[in-house]
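Single-structure report; data block below.
Because the structure is predicted, anything quoted here is derived from the model rather than measured. First the proteins, then the strands, lettered A, B, ... as listed; each starts at 1.
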Protein chains: 2
Amino acid sequence: MAGFARFQAVLRLFDEKASAWTVPAMSDALGVPASTVYRTVRDLVAGGFLEAAHESVYRLGSAFIEYDRLLRLTDPLVAAGRGALHDVVAQAHTPCVALLSRLYNDQVMCVVDEAARDTSFRSSYERGRPMPLTQGATSKVILAHLPARLLNRLIGAPKDGGARHAALRRELADIRKRGFCVTASEIDAGLAGIAAPVIVREAGIIASLSLVADDSRLDDSQRRRLVLLVVSAASLVAEELRYALTPPAIVEPRHKMVKQ
Amino acid sequence: MAGFARFQAVLRLFDEKASAWTVPAMSDALGVPASTVYRTVRDLVAGGFLEAAHESVYRLGSAFIEYDRLLRLTDPLVAAGRGALHDVVAQAHTPCVALLSRLYNDQVMCVVDEAARDTSFRSSYERGRPMPLTQGATSKVILAHLPARLLNRLIGAPKDGGARHAALRRELADIRKRGFCVTASEIDAGLAGIAAPVIVREAGIIASLSLVADDSRLDDSQRRRLVLLVVSAASLVAEELRYALTPPAIVEPRHKMVKQ
DNA sequence: TCAATATTCTCATTTTTTGAGAATTTATTT
DNA sequence: AAATAAATTCTCAAAAAATGAGAATATTGA
């Protein structure tokens with residue numbers, strides 16, 4: 001292992017449980033000589049990806065906060081969706097969390113979340129946490145709208161799966177037909193998820209808008225109302241995205257810019 | 001340039017103005033052959049630091065959201081300060097934004113912000129945005145409490161500066177004596193900043209808690225009240241930090257863990 | 001001040017990276 | 001559906017950089 005992989009490996013050591021590392025510990029965990037790790041860490045510190053905390057302990061650095069802000073400010077999905085989430089939690093009239101989640105490479109991740117004022121529970125889905133692909137309304141509604149090729153890559157080809165796989169395929173087909181997905185206690189016991197797709201192929205955006213609420217407080221009419229709310233909010237976000245992308249605000253290669 | 005620098009250089013291309021890049025554009029901007037940039041970008045995409053959006057356009061990737069969450073969850077300063085900020089904006093009884101900011105390498109950056117409910121203005125200080133070292137209460141109060149050696153490195157030695165430099169030195173000494181700093185319209189016109197230091201040397205934390213409010217709405221007694229609020233909140237956060245760090249929750253090198 | 005520990009440095013060797021262009025894949029247009 | 005254009009990957013020899021062991025140095029705490 002060398003080059004970028006080395007940097008990756010060091011950063012991946014940091015997680016919720018182990019948020020502070022000494023160089024000898026990293027060296028030990030990675031099976032790489034200390035002198036090499038010192039060099040790698042020095043580069044990462046210089047780039048702001050790690051910071052020297054104290055007593056030779058290192059933590060994740062400010063670059064992540066900085067890039068995260070950039071992402072929040074410039075991600076078209078975040079821009080288009082923030083307002084919608086606000087409206088959704090306001091109009092839900094029940095304790096809930098609204099999420100905008102998105103397929104990134106091969107995982108689903110929430111990119112914006114907003115809780116209603118009086119919400120005491122916490123959803124496992126939260127901004128920045130990778131979520132399982134095949135569980136929860138949020139993820140399923142995304143899977144259901146994936147191009148066949150991509151879906152096969154993510155969950156395997158239709159044939160080479162057992163009964164559970166076939167069931168998932170059927171469920172996804174059903175979700176796709178309905179245009180939304182409702183689940184209960186799939187991610188968090190006692191919590192229901194209601195999700196609708198936000199698909200803007202032209203922008204390469206495959207996402208979902210979802211609502212998490214206490215399942216025991218939902219009767220059928222409530223549920224229908226919330227589904228309607230989520231579905232319409234999701235299509236609104238998709239519409240806004242399409243509109244926003246019409247004049248592509250991207251940096252073109254120089255030779256193209258010159259032509260203008 | 002090579003190795004880590006190449007990755008850094010690519011990532012640093014992304015900012016508020018240019019949030020989406022094609023490979024030819026990057027190649028052009030960096031003066032590096034396309035084939036090399038393609039390789040670099042491929043690595044960054046694999047690591048989640050970039051994502052292929054559409055039409056060969058790349059954006060910042062989900063890894064930043066993920067690491068940012070990790071940072072929020074595990075940074076002792078964030079953990080100790082979140083509640084305090086909440087209390088501060090609640091007790092300020094005026095539209096305001098409360099910030100917890102910190103010295104990272106050689107820049108000041110806000111790591112948590114919270115606005116009071118009825119706050120319409122926005123402070124330039126916001127989570128994830130690097131701020132000037134020598135302007136604004138938030139930064140000054142941090143500078144004022146830096147060890148001499150570090151301060152010299154950041155703003156230059158006492159002798160080799162002009163009149164402005166000497167004035168800054170005097171101001172910092174004064175702030176240090178008082179234990180807080182109040183400024184007006186230094187960062188944003190019409191906004192006042194009130195900051196107090198959060199220093200926990202044992203943890204390598206040099207930070208500040210600050211409040212940004214509409215200067216025209218503050219009379220002297222208001223200002224005194226808010227200074228008191230900020231100063232006491234800051235010392236509370238520092239206290240909590242010291243307490244939290246007593247049993248050092250860090251990953252020790254293996255040979256130390258074995259001894260236990 | 002003195003230990004103990006952390007960090008950087010040195011340098012020959014090994015391993016990558018690099019870049020130019022060809023080859024291939026992918027998307028778009030006709 | 002073929003043709004065109006663009007994007008992306010591949011190839012390979014030369015050049016550059018990373019590696020690791022240990023020495024040298026800096027930093028820190030007692």
Side-chain angles (χ1 to χ4, degrees), chain A residues 1-10 20-47 50-59 105 147-150 153 201-204 248 250-259, chain B residues 1-10 20-47 50-59 105 147-150 152-153 200-204 245 248 250-257 259:
Chain A
M1 173 188 34
F4 187 60
R6 172 70 32 93
F7 296 99
Q8 273 261 86
V10 167
W21 287 78
T22 66
V23 170
M26 298 187 227
S27 162
D28 202 55
L30 298 173
V32 166
S35 63
T36 300
V37 177
Y38 271 113
R39 254 185 312 236
T40 308
V41 167
R42 200 196 318 161
D43 288 346
L44 287 169
V45 169
L50 289 182
E51 62 145 351
H54 64 118
E55 289 173 2
S56 71
V57 165
Y58 292 87
R59 303 187 149 275
N105 290 317
R149 212 178 336 173
L150 185 49
R153 214 193 67 206
R201 290 198 198 283
E202 314 90 270
I250 60 165
V251 172
E252 297 288 345
R254 178 77 82 88
H255 61 277
K256 285 191 181 175
M257 291 203 292
V258 169
K259 276 185 195 164
Chain B
M1 173 190 31
F4 187 59
R6 172 70 32 94
F7 296 99
Q8 272 260 86
V10 168
W21 287 78
T22 65
V23 171
M26 296 187 228
S27 162
D28 201 55
L30 297 173
V32 167
S35 63
T36 299
V37 177
Y38 272 114
R39 255 184 312 235
T40 308
V41 166
R42 198 193 323 159
D43 287 345
L44 287 169
V45 168
L50 289 181
E51 64 145 348
H54 64 118
E55 290 174 1
S56 72
V57 164
Y58 293 87
R59 302 186 149 277
N105 290 317
R149 212 176 336 173
L150 185 50
N152 290 343
R153 213 192 68 206
V200 184
R201 291 199 197 284
E202 316 89 271
L245 289 168
I250 61 166
V251 171
E252 296 288 345
R254 177 78 82 89
H255 61 276
K256 286 192 181 172
M257 289 204 292
K259 276 188 196 164

Candidate pair A:Ser27 and A:Val32, rule side-chain contact (heavy atoms from CB on, under 4.5 Å), full reasoning:
CA-CA 5 Å; A:Ser27 162; A:Val32 166; 5.6 Å; no
Min side-chain heavy-atom separation A:Leu44-B:Phe4 under 4.5 Å
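Sidechains of B:Phe4 and A:Leu44: in contact.
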Hey, does B:Val41 have a side-chain heavy atom less than 4.5 Å from the side chain of B:Met26?
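They are in side-chain contact.
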Send over the distance from [X] [atom1] to [N] [atom2], rounded to a whole Å.
X       : N      : atom1 : atom2 : value
A:Tyr38 : D:dA21 : OH    : P     : 15 Å
B:His54 : D:dT8  : NE2   : P     : 12 Å
A:Tyr58 : C:dA6  : OH    : P     : 10 Å
A:Leu50 : C:dA6  : CG    : P     : 17 Å
A:Arg42 : D:dA17 : CZ    : P     : 15 Å
A:Phe7  : C:dT17 : CZ    : C1'   : 13 Å
A:Arg6  : C:dT17 : CZ    : P     : 11 Å
A:Phe4  : D:dT19 : CZ    : P     : 14 Å

Does a nitrogen or oxygen in the side chain of A:Thr36 sit under 4.0 Å from OP1 or OP2 of D:dT19?
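No, no such contact exists.
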Should A:Ser35 be listed as having a side-chain N or O under 4.0 Å from OP1 or OP2 of D:dG20?
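Answer is no, no contact under 4.0 Å.
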As an exercise, state the distance from CG of A:Asp43 to OH of A:Tyr38, rounded to the nearest 0.5 Å.
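Output value for this atom pair is 15.0 Å.
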5' precedence on DNA chain C between A:Ala52 and A:Gly3 (nearest-nucleotide basis)
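Upstream on the strand: A:Ala52.
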For A:Arg39, answer base if it contacts any base atom (sugar-phosphate contacts may also be present), sugar-phosphate if it contacts only those atoms, and nothing otherwise; contact means non-hydrogen atoms under 4.0 Å.
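Since a base atom lies under 4.0 Å of A:Arg39, the category is base.
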Remember a base hit wins even if backbone is also touched, and classify B:Ser56 as base, sugar-phosphate or nothing at under 4.0 Å, heavy atoms.
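Sugar-phosphate, backbone atoms only, no base.
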